[in-house]
2 protein chains.
Amino acid sequence: MQNRQAITILAALAQESRLAVYRLLVEHAPEGLAASAIAEKLGLPNATLSFHLKELSHAGLVSSRQSGRFIYYAPVIEAMDELVGYLTDHCCSQSAGTCATAKRKCAPKKRVATAGKRRSGST
Amino acid sequence: MQNRQAITILAALAQESRLAVYRLLVEHAPEGLAASAIAEKLGLPNATLSFHLKELSHAGLVSSRQSGRFIYYAPVIEAMDELVGYLTDHCCSQSAGTCATAKRKCAPKKRVATAGKRRSGST
DNA sequence: TTGATAATTCTATAATCATGGAAATATAGA
DNA sequence: TCTATATTTCCATGATTATAGAATTATCAA
């Protein structure tokens with residue numbers, strides 16, 4: 001994961017309403033929830049929620065699909081997994097040896113074209 | 001970790017200069033770097049760096065210690081570990097069963113007064 | 001088509017955040 | 001003490017972000 005994208009995702013999560021939306025969606029994964037249901041559950045005005053959903057969407061943290069008049073939003077677990085990977089890849093000092101080796105994942109990794117980029121300096 | 005604190009830490013990291021500072025400090029853990037060294041390496045004006053260091057410090061991501069005329073800043077790995085714990089605790093759906101069980105850590109966990117609070121609903 | 005509902009976009013406003021020069025504070029050495 | 005260096009704080013400015021009412025677009029059902 002690139003620096004830039006990590007910042008985008010961090011910024012998307014670093015806001016009370018958006019974090020609440022994301023966590024709510026995680027509770028309702030993988031189907032997700034309609035925007036109206038999210039707005040009602042969190043007590044957010046439509047326009048405000050729409051703004052935040054766009055941010056989350058732009059960061060790749062949520063996906064949406066239309067079903068009739070409703071648009072369902074669902075969390076993209078892979079994005080969170082990437083973020084956690086980025087953070088753990090950069091949160092500890094190699095020289096200090098404080099990294100535990102266990103690798104934590106949120107979801108099975110999809111094979112992408114850029115496979116093998118991350119954590120490349122492991123030896 | 002509380003919602004509020006997670007947001008504080010996420011916001012602290014969600015900024016280009018601050019993320020760069022944090023990553024630089026991680027490379028130099030555990031001694032850390034003097035503010036002047038950070039400013040030089042990243043090409044940041046003193047006042048700007050000081051502003052960002054305060055943010056990181058306030059979020060609990062870095063600590064500082066004075067040594068002569070220098071103030072050394074070092075990363076607080078436990079804070080990052082807490083954040084990663086928070087994210088993995090909330091990034092996946094229990095019902096969807098997409099959580100891997102492996103627990104990733106950045107540093108050995110310090111025993112604190114609130115031991116056992118996190119991940120309490122595991123059964 | 002009409003009416004109702006779902007969601008987004010438009011828009012203005014307010015609030016927060018980032019930047020960096022200049023002044024202030026703190027420490028060390030002569 | 002005086003001077004140099006390290007760092008922070010003060011302050012003004014500009015940029016970005018959050019909020020939410022109103023208007024708009026889209027879908028469905030009859």
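Letters A, B, ... are given to chains in the order of the sequence lines, protein chains preceding strands, and every chain is numbered from 1.
- OP1 and OP2 of C/dA15 both lie 4.0 Å or more from every side-chain N or O belonging to A/Q15.
- With D/dA18, D/dT7, D/dA20 as the choices, the nucleotide that has an atom nearest any side-chain atom of A/H52 turns out to be D/dA18.
- Regarding contacts with the backbone of D/dT7, a side-chain N or O of B/S36 is found under 4.0 angstrom from either OP1 or OP2.
- Each of A/E55 and A/Q66 has a nearest nucleotide on DNA chain D; the 5'-most of these lies closest to A/E55.
- Rounded to an integer number of Å, the gap from CZ of A/R69 to P of D/dA26 is 15 Å.
- Taking atom CD of A/E16 as the reference point, atom C1' of C/dT16 lies 15 Å away to the nearest angstrom.
- Between the C1' atom of D/dA22 and the CZ atom of A/F51 lies a distance of 18 Å, rounded to the nearest Å.
- Grouping the Ile, Leu, Val, Met, Phe, Trp and Tyr side chains by contacts below 4.5 angstrom, directly or via other members, places A/L83 with A/I7.
- Here the closest non-hydrogen pair linking A/E31 and A/A74 is O-CB, 4.1 Å.
- Note: CZ (A/R65) to C1' (C/dA6) measures 15 Å, nearest angstrom.
- Checking D/dT7, C/dT19, C/dG20 against the side-chain heavy atoms of B/P45 singles out C/dG20 as nearest.
- Rounded to whole Å, the distance from CD1 on B/I38 to C1' on D/dT7 is 11 Å.
- One hydrophobic cluster holds both A/Y86 and B/L56 under the rule that ILVMFWY side chains link at heavy-atom gaps under 4.5 Å.
- OP1 and OP2 of C/dT19 both lie 4.0 Å or more from every side-chain N or O belonging to B/T48.
- Between D/dA20, D/dT9, C/dA7, one nucleotide has an atom nearer to the side chain of B/S50 than all others, and that is D/dT9.
- Taking atom CG of residue A/L49 and atom C1' of nucleotide C/dA7, one finds them 9 Å apart after rounding to whole Å.
- Taking atom CD1 of A/I71 as the reference point, atom C1' of C/dA6 lies 8 Å away to the nearest angstrom.
- A side-chain contact (heavy atoms from CB on, under 4.5 Å) with A/V21 holds for exactly one of A/V26, A/L61, A/L13, A/L49; it is A/L49.
- Taking every side-chain heavy atom of A/A47 into account, C/dT9 is the closest of C/dT8, D/dT8, C/dT9.
- Note on B/V62: it does not cluster hydrophobically with B/F51, by side-chain heavy-atom contacts below 4.5 Å among ILVMFWY residues.
- Per the geometry, CD belonging to A/E40 stands 11 Å off P belonging to C/dA7, to the nearest Å.
- Out of C/dA6, D/dT19, D/dT7, the shortest distance to the side chain of A/F70 is found at C/dA6.
- Within the 4.0 angstrom heavy-atom criterion, no nucleotide atom of any strand lies near B/A39.
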